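Because only heavy atoms are used, hydrogens play no part in the values below, and waters and symmetry mates are left out as well, while side chains stay in. None of the values given here were measured: they were computed from a predicted structure. Naming convention: chains lettered A, B, ... in sequence-line order (proteins, then strands); numbering from 1 in each chain.
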Number of protein chains: 2
Amino acid sequence: MANRSDTKTRILDAAEKLFAERGFSETSLRLITSKAEVNLASVNYHFGSKKELIRAVLARYLDVFMPVASARIVTLQSSEEGASLNDIFSSLVEPLLDLNQLRAEGTSTFLQLLGRGYIESQGHLRWFITTHYGEHLTQFVKAVADSAPHIPPAEMFWRLHFTLGTVVFTMASADALTEIAAADFNEHNDIEAVIRKVIPYLSAGVSVPVN
Amino acid sequence: MANRSDTKTRILDAAEKLFAERGFSETSLRLITSKAEVNLASVNYHFGSKKELIRAVLARYLDVFMPVASARIVTLQSSEEGASLNDIFSSLVEPLLDLNQLRAEGTSTFLQLLGRGYIESQGHLRWFITTHYGEHLTQFVKAVADSAPHIPPAEMFWRLHFTLGTVVFTMASADALTEIAAADFNEHNDIEAVIRKVIPYLSAGVSVPVN
DNA sequence: CTCTATTTAAAACACTCGTTTAAATTAAAC
DNA sequence: GTTTAATTTAAACGAGTGTTTTAAATAGAG
């Protein structure tokens, strides 16, 4: 074992920044390795392939976020009887913002990566996420369903995917949107402000009575 | 002027199908021309470049849809005083479904293309749409704003982009979602059913009171 | 120090992509 | 029917991609 200031980490840091900004397929390994100031071949040496690098970038965040978010929801469900949808969504805000302590711009990078992942990948990332973090996801889905018992399961399926779309799309284009908002409305939002804006929107949509 | 059964149309038909299914950058000209059974070079001959082909595919739908949708909103605003958000969103359903008369699977193809367009393109499509159909868009935005006067403009800006994200994401993955819904809930939805499901969700989110 | 395994480096490989070229073919005009 | 323009065809170009190979450099163990 021998290395300088960790080639592997340099690659991950450069890759996550570029992936979040430009998407996965629009980011070449040559661009990543030049930004990271490492050799091109070191990606395949340390990660095997570009696909596995993408998974590693996401895993570095998911391994931190998922357990914390899960724990929040567990305590929320055990403490009060009947947590509202707003409570559930809001309980994810702090774990998300804590990612900024992990790395600079951690929160928005993570959310943008998540968005890119769901939009771009034709399967391998969906598979990776559901097999590695499936329990946390089903737990979250169950908590939401319990909070809106008047919504039939099939309807809830659709609404949760509507919600996913809202979040994913918003976060993937959050930078552009905050710029426009600043120019047009003199509103200067950070990622937390956007998150706090979207939660009431989601809660209202998910829980609106059918018919 | 000379041609057989219209090479240009064959290219557009094959391209729109593949673009909707796989996205723009994931669809090569070689795949399009082989499906269309035309020569590779004919794309550049008839359209100039791949970018212009993408715009032509979208324009073929937008030129039909936009004026019709605009007219609907005009009549809606003139007839009754105070159209609801549900009314506005619903008034777009018929123009959307009419696209099935234009071409088989026209509605879902168009919506998926729109989704892909907003997700993928780094500018040239956004520019194309806003410069060619900007008046229709601002008219639509104004109608929505008038229907929810309790929402400040800056907040409405965000909520409309949340809405865009919901629609775009849902439509881009509509095929996959309807398959899952059929398998998991024995629910067999077509594109119209999905549209009718999403409208209440959107209306609730857009109009939910701030704070 | 020496030996061994790990890591870095430069180069080439094999492939796909959008685009262009130049010749052949087809259709229209006169 | 001849001429002219429009279209189709096959081939190649040039640039970019992820990956592999082979050799050099580096670090840790004995």
Side-chain angles (χ1 to χ4, degrees), chain A residues 1-59 113 116-117 120-125 127-128, chain B residues 1-59 113 116-117 120-125 127-128:
Chain A
M1 299 168 196
N3 47 16
R4 52 170 173 162
S5 64
D6 222 10
T7 304
K8 224 168 156 177
T9 305
R10 296 177 64 86
I11 293 173
L12 287 171
D13 290 344
E16 75 166 35
K17 190 170 181 332
L18 292 167
F19 284 154
E21 283 174 6
R22 317 157 40 96
F24 299 113
S25 63
E26 299 295 319
T27 304
S28 69
L29 295 184
R30 281 168 178 81
L31 182 59
I32 294 171
T33 52
S34 75
K35 290 274 180 190
E37 297 181 271
V38 301
N39 188 270
L40 168 61
S42 56
V43 172
N44 288 287
Y45 176 77
H46 284 288
F47 297 95
S49 68
K50 186 182 180 180
K51 276 188 181 177
E52 290 174 83
L53 170 62
I54 294 173
R55 289 200 281 261
V57 165
L58 264 144
L113 288 172
R116 303 280 187 189
E120 281 194 37
S121 85
Q122 314 88 322
H124 82 100
L125 263 185
W127 172 87
F128 171 73
Chain B
M1 300 168 196
N3 48 17
R4 51 172 172 159
S5 67
D6 222 8
T7 303
K8 228 169 154 175
T9 305
R10 296 177 63 86
I11 293 173
L12 287 171
D13 290 343
E16 76 167 33
K17 189 169 176 348
L18 292 166
F19 284 155
E21 284 173 4
R22 318 157 41 99
F24 300 114
S25 61
E26 299 294 320
T27 304
S28 70
L29 295 184
R30 282 169 177 81
L31 181 59
I32 293 171
T33 51
S34 74
K35 291 273 181 191
E37 296 180 271
V38 301
N39 189 272
L40 168 62
S42 57
V43 172
N44 288 286
Y45 176 77
H46 283 287
F47 297 95
S49 67
K50 187 182 179 180
K51 275 188 182 178
E52 290 174 84
L53 170 62
I54 294 173
R55 288 199 281 262
V57 166
L58 263 142
L113 288 171
R116 302 280 187 191
E120 281 194 38
S121 85
Q122 315 88 322
H124 80 101
L125 264 185
W127 172 88
F128 171 74

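- Rounded to whole Å, the distance from CG on A:D6 to P on D:dA27 is 14 Å.
- With sequence neighbours excluded, the residues forming a side-chain hydrogen bond (donor to acceptor under 3.5 Å, both in side chains) with B:S25 are B:E120, listed by chain and number.
- If you take CD1 of B:I54 and P of C:dG18, they are 9 Å apart, rounded to a whole angstrom.
- A heavy-atom distance below 4.5 Å is not found between the side chains of A:F128 and A:I54.
- For the side-chain hydrogen bond (donor to acceptor under 3.5 Å, both in side chains) test, no residue two or more places apart in sequence or in another chain qualifies with A:K50.
- For the side chain to side chain contact (heavy atoms under 4.5 Å, CB included) test, residues two or more places apart in sequence or in another chain that qualify with B:S34 are B:L31.
- Mapped onto DNA chain D by nearest heavy atom, A:G48 and B:Y45 fall at different nucleotides, with B:Y45 at the one closer to the 5' end.
- When rounded to the nearest whole Å, the span between CD1 of B:I11 and C1' of D:dT7 equals 11 Å.
- With sequence neighbours excluded, the residues that form a side-chain hydrogen bond (donor to acceptor under 3.5 Å, both in side chains) with B:S49 are B:E52.
- With distances taken from any side-chain atom of A:N44 to the nucleotides C:dT8, D:dT8, D:dT20, the minimum falls on D:dT20.
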Compile the donor-acceptor pairs under 3.5 Å between side chains in residues 11-23 of chain B and protein atoms, sequence neighbours left out, one pair per line.
| residue | atom | partner | partner atom | Å |
| --- | --- | --- | --- | --- |
| B:D13 | OD1 | B:R60 | NH1 | 3.2 |
| B:D13 | OD1 | B:R60 | NH2 | 2.9 |
| B:E16 | OE1 | B:R60 | NH2 | 3.1 |
| B:E16 | OE1 | B:Y61 | OH | 3.4 |
| B:E16 | OE1 | B:R103 | NE | 3.4 |
| B:E16 | OE2 | B:Y61 | OH | 2.9 |
| B:E16 | OE2 | B:R103 | NE | 3.3 |
| B:K17 | NZ | B:E21 | OE2 | 3.1 |
| B:R22 | NH2 | B:E26 | O | 3.1 |

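- In terms of phosphate contacts, B:T7 brings a side-chain nitrogen or oxygen within less than 4.0 Å of OP1 or OP2 of D:dT8.
- Listed by first and then second residue, the ring pair (Phe, Tyr, Trp, His ring centres under 6.0 Å) pairs that reach into residues 25-45 of chain B come to none, sequence neighbours excluded.
- Side-chain contact between A:N44 and A:L29: present, with at least one pair of heavy atoms (C-beta onward) separated by less than 4.5 Å.
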Polar atom pairs between nucleotides 10-17 of chain C and protein, under 3.5 Å, N or O only, would you list them?
none

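- Heavy-atom distances under 4.0 Å link DNA chain D to no residue of residues 13-23 of chain B.
- Legend: residues meeting ring pair (Phe, Tyr, Trp, His ring centres under 6.0 Å) with B:F47, ordered by chain and number and at least two apart, are absent.
- Between B:F47 atom CZ and D:dT7 atom C1' there is a gap of 14 Å when expressed in whole angstrom units.
- Atoms NE2 (A:H46) and C1' (C:dT6) sit 9 Å apart, rounded to a whole Å.
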